[in-house]
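Let me begin by presenting the structure, written as structure tokens, before commenting on it.
Counting starts at 1 for both ligands and their atoms, following the listed order. Along the sequence shown, the residues carry numbers beginning at 1.
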Amino acid sequence: MGYIRNKLDILFVLILILILAGLPIGIKAYDQRVWRDEIPSAAKKFTLTGHTQRGWLLGEVHAHDIISLWNQNKSMKRPVIEVSKGDLVVFKLKSSDVVHGFSLKDFGVFLKEGIQPGKVTQVSFKADKVGTFTFSCNAICGENHQNMKGTLVVKA
Ligand SMILES: [Cu+2]
């Protein structure tokens, strides 16, 4: 009987190892599938990181960047993003400090919930009209909140 028990124990451990090893692989596969389903590869993707002193920063911002950003002059940046008419545009929105918001009313984008630090909020829309449009932060985030803006240019 003791012999069978040991065999069952080994089996149990093997199953446990399989689950532990398989879980991350499964999660990764699931993420990739969701990602692929949601965003066609032809979409124009941009990452915007909100910063209370510097406004919208194009791209990822890392911890060491934030420290140097605080030490630089406090002028707000206003990024300009260019796309073409008909593009599917995806913004990955992040925050480097406090809760920010995002609004691009010309394309019906208006976040009701804020962009939490450490999380990614994604918005997408079809750039179906030509022109120059302004996006902004729609969550009161500090003294420079009103200046936290950027420009989207949709070319013909
Ligand atoms: Cu903000």
Side-chain angles (χ1 to χ4, degrees), residues 16 18-156:
L16 200 68
L18 274 177
I19 291 170
L20 288 176
L23 207 60
I25 297 167
I27 289 170
K28 203 165 176 234
Y30 178 78
D31 273 358
Q32 280 174 350
R33 194 178 62 84
V34 168
W35 185 249
R36 201 173 56 226
D37 285 355
E38 279 183 356
I39 306 174
S41 55
K44 298 282 166 64
K45 302 174 199 108
F46 301 93
T47 300
L48 283 170
T49 305
H51 188 277
T52 26
Q53 296 295 319
R54 302 302 302 277
W56 292 112
L57 304 163
L58 203 52
E60 305 274 341
V61 175
H62 302 287
H64 57 270
D65 297 329
I66 293 169
I67 293 163
S68 65
L69 283 167
W70 275 102
N71 291 329
Q72 283 169 24
N73 66 51
K74 302 283 202 272
S75 64
M76 300 293 273
K77 275 193 177 175
R78 295 204 178 191
V80 179
I81 292 174
E82 272 194 17
V83 297
S84 300
K85 192 187 175 197
D87 281 345
L88 174 66
V89 183
V90 177
F91 285 157
K92 286 172 91 178
L93 304 168
K94 294 183 163 192
S95 166
S96 64
D97 38 37
V98 300
V99 176
H100 292 285
F102 187 83
S103 153
L104 176 58
K105 279 187 173 161
D106 295 290
F107 293 94
V109 178
F110 189 88
L111 278 190
K112 290 199 183 78
E113 280 175 40
I115 304 158
Q116 305 285 336
K119 292 195 174 163
V120 180
T121 303
Q122 200 169 285
V123 297
S124 62
F125 59 93
K126 187 133 183 145
D128 53 7
K129 53 192 161 198
V130 172
T132 300
F133 309 94
T134 300
F135 56 83
S136 56
C137 173
N138 68 352
I140 311 288
C141 58
E143 53 185 317
N144 278 323
H145 166 70
Q146 288 303 327
N147 297 319
M148 198 171 163
K149 292 184 165 73
T151 303
L152 174 78
V153 178
V154 183
K155 296 173 292 178

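Each of T49, T52, I140, T121 was compared with H100 under the side chain to side chain contact (heavy atoms under 4.5 Å, CB included) criterion, and only T52 meets it. Between I81 and the options T151, V89, L152, a side chain to side chain contact (heavy atoms under 4.5 Å, CB included) holds for only L152.
Checked against side chain to side chain donor-acceptor pair (under 3.5 Å), K155 has the following partners two or more places apart in sequence or in another chain: E82. In terms of the ring-ring contact (aromatic ring centres under 6.0 Å, His included) criterion, residue partners of F133 (sequence neighbours excluded) are, by chain and number, F107.
Shown are the protein N/O/S atoms under 2.8 Å from the Cu ion (ligand 1), given by residue and atom: H100 ND1, C137 SG, C141 SG, M148 SD.
Residue pairs that meet the salt bridge (Lys or Arg N to Asp or Glu O under 4.0 Å) test with at least one member in residues 107-118, sequence neighbours left out, do not exist here.
In this structure, SG on C137 lies 11.5 Å from CG on N147, to the nearest 0.5 angstrom.
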